[in-house]
2 protein chains.
Amino acid sequence: MRPFVHPAIEDVQPEAILHALSDPNRAAIFAKIMTAGCVEACSAVSALGDRVIPKSSLSTHFKVLREAGLIRSERHGVEMRNHSRWDEVEARFPGLLAAIINAYAAEAGAGPCRSGA
Amino acid sequence: MRPFVHPAIEDVQPEAILHALSDPNRAAIFAKIMTAGCVEACSAVSALGDRVIPKSSLSTHFKVLREAGLIRSERHGVEMRNHSRWDEVEARFPGLLAAIINAYAAEAGAGPCRSGA
DNA sequence: TTCGTTAGTTCCGAAGTTCCGAACTATGGG
DNA sequence: CCCATAGTTCGGAACTTCGGAACTAACGAA
């Protein structure tokens, strides 16, 4: 188990960010990490919506987010804590993360097939 | 050769947009379609930077951009003309495209390894 | 019309990526 | 030490992407 690798913010590539967030599961995990106060145990997101994600997939998802420069992970005892690197990413690519998170939120809220709306 | 399929703007998904633009080639094509006056023949982008992209790959890239809802393609005689659906996408996902294009531009301009710049 | 050229699409195999169960590692408590 | 919990790594099946070769469509010239 090698220690976590976090790219320097200067090495963060837009394509890696877009790739990481082009998976709805990862986008949901990232959104959750931020809304849940920027700290989240890995197992706390194992159910997203009504879908259960296997541990191994989850581990990979966190790795992708980490290597894209979106989150920072530390081991705390047996757990992992993740917090977003929003401020750094925002400084490098202004407006990018907000626009992406917004787009997902808009899609979820404004779909044409909402029964009650 | 079936006619082109363009999703209604209501059916455009953020994940499709992010996926489409997470490929640097496609992002460059999309940026070029916009900066070159929103109309561009397919063959006119066959060299991006110093890399030649085969016709078949190019055709697929355009298809991905089209099906993500980012561009609209029409056949004009033997050529294809593409223009961006920026206005529609902007109305649905405000700021998203600008932030992405900006991010790629920031990366290209601020890279530490630019020889000639 | 037929031939030739140009522009793009489709097919299909090779190469790469992603998914997820099983086995593994690391930490902490009895 | 042994067990439980939290997460990682391995490996194979399923999926995606790349790109060359063959194909189709539109146009011009003869």
Side-chain angles (χ1 to χ4, degrees), chain A residues 1-6 13 15-30 32-33 36 39-68 70-83, chain B residues 1-6 13 15-30 32-33 36 39-68 70-83:
Chain A
M1 256 184 204
R2 73 182 87 77
F4 295 132
V5 176
H6 297 96
Q13 311 266 290
E15 61 232 57
I17 293 180
L18 297 187
H19 171 73
L21 295 179
S22 71
D23 181 299
N25 283 332
R26 283 194 293 261
I29 290 171
F30 183 64
K32 199 164 181 181
I33 285 176
V39 173
E40 192 76 358
C42 186
S43 55
V45 292
S46 60
L48 284 174
D50 30 4
R51 182 153 153 56
V52 172
I53 303 177
K55 282 201 307 179
S56 58
S57 308
L58 218 40
S59 181
T60 308
H61 285 328
F62 275 95
K63 186 177 171 212
V64 170
L65 289 170
R66 192 158 56 233
E67 296 186 348
L70 288 168
I71 63 174
R72 199 176 286 281
S73 312
E74 319 158 16
R75 264 185 255 278
H76 264 252
V78 75
E79 288 195 344
M80 181 174 70
R81 292 210 201 143
N82 301 283
H83 51 98
Chain B
M1 256 184 203
R2 72 180 88 77
F4 294 133
V5 176
H6 297 95
Q13 311 265 292
E15 62 232 57
I17 293 181
L18 297 187
H19 170 74
L21 295 180
S22 71
D23 180 298
N25 282 332
R26 282 194 293 261
I29 290 172
F30 183 63
K32 199 165 182 181
I33 285 177
V39 173
E40 192 75 356
C42 186
S43 56
V45 292
S46 61
L48 285 173
D50 31 4
R51 181 153 154 55
V52 171
I53 304 177
K55 283 200 306 178
S56 58
S57 306
L58 216 41
S59 182
T60 309
H61 286 327
F62 275 95
K63 186 177 170 210
V64 171
L65 290 170
R66 194 159 53 233
E67 296 186 348
L70 289 167
I71 63 175
R72 198 176 287 279
S73 311
E74 320 158 17
R75 265 185 255 279
H76 264 251
V78 76
E79 289 195 344
M80 181 173 69
R81 292 208 202 142
N82 300 283
H83 50 99

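Every heavy atom of this structure was used, including side-chain atoms; hydrogens, water molecules and symmetry mates were not. In what follows, chains are A, B, ... by sequence order, proteins preceding strands, each numbered from 1.
Without hydrogens or angle criteria, A:His6 side chain to A:Ser73 main chain gives a donor-acceptor distance under 3.5 Å. In terms of modelled atom types and a separation under 3.5 Å, the side chain of B:Ser59 and the main chain of B:Ser56 share no donor-acceptor contact.
When each of B:Arg75 and A:Asp23 is assigned the nucleotide of DNA chain C with its nearest heavy atom, B:Arg75 is the one assigned upstream, toward the 5' end.
For the pair B:Met80 CE and C:dT10 P, the interatomic distance rounds to 11 Å; values are reported in whole Å. As rounded to whole Å, 18 Å separates atom C1' of C:dT9 from atom CD of B:Glu74. One can place CG of A:Leu58 at 11 Å from P of C:dC20, the figure rounded to the nearest angstrom. Put simply, CZ on B:Phe4 is 15 Å from P on C:dA7, counting in whole angstrom units. Rounding to whole angstrom units, CG of residue A:Leu65 and P of D:dT8 are separated by 12 Å. Per the geometry, NZ belonging to A:Lys55 stands 14 Å off P belonging to D:dA4, to the nearest Å. Rounding to whole angstrom units, NE2 of residue A:His61 and P of D:dG7 are separated by 15 Å. The distance from atom CZ of A:Arg26 to atom C1' of C:dT17 is 11 Å, rounded to the nearest whole Å.
Minimum atom distance to the side chain of A:Glu79 is reached by D:dG7, of the listed C:dG8, C:dC20, D:dG7.
For the pair A:Ser57 and C:dC20, the criterion of a side-chain N or O lying under 4.0 Å from OP1 or OP2 is met. Considering only side-chain N and O atoms, B:His19 lies nowhere under 4.0 angstrom from the phosphate OP1 or OP2 of C:dT17. Here B:Ser59 does not reach the OP1 or OP2 of C:dG8: none of its side-chain N or O atoms lies under 4.0 Å away.
Here the CG atom belonging to A:Leu65 is positioned 6.5 Å from the CG atom belonging to A:Leu21, to the nearest 0.5 angstrom. Atom CG of residue B:Asn25 and atom OG1 of residue B:Thr60 lie 12.0 Å apart, to the nearest 0.5 angstrom.
Counting atom types as modelled, B:Ser56 pairs a side-chain N or O with a base atom of D:dG20 as donor and acceptor under 3.5 Å.
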**Study point:** Derivation and outcome, side chain to side chain contact (heavy atoms under 4.5 Å, CB included), residues B:Arg66 and B:Val5
**Key:** CA-CA 7 Å; B:Arg66 194 159 53 233; B:Val5 176; over 6 Å; no
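For the residue pair B:Leu70 and B:Phe30, the shortest heavy atom distance occurs at O-CE1, 3.4 Å.
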Taking N or O atoms only and anything under 3.5 Å, show me the protein contacts with nucleotides 28-30 of chain C, one pair per line.
none

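Neither side chain, A:His83 nor A:Arg72, offers a donor N or O lying under 3.5 Å from an acceptor on the other.
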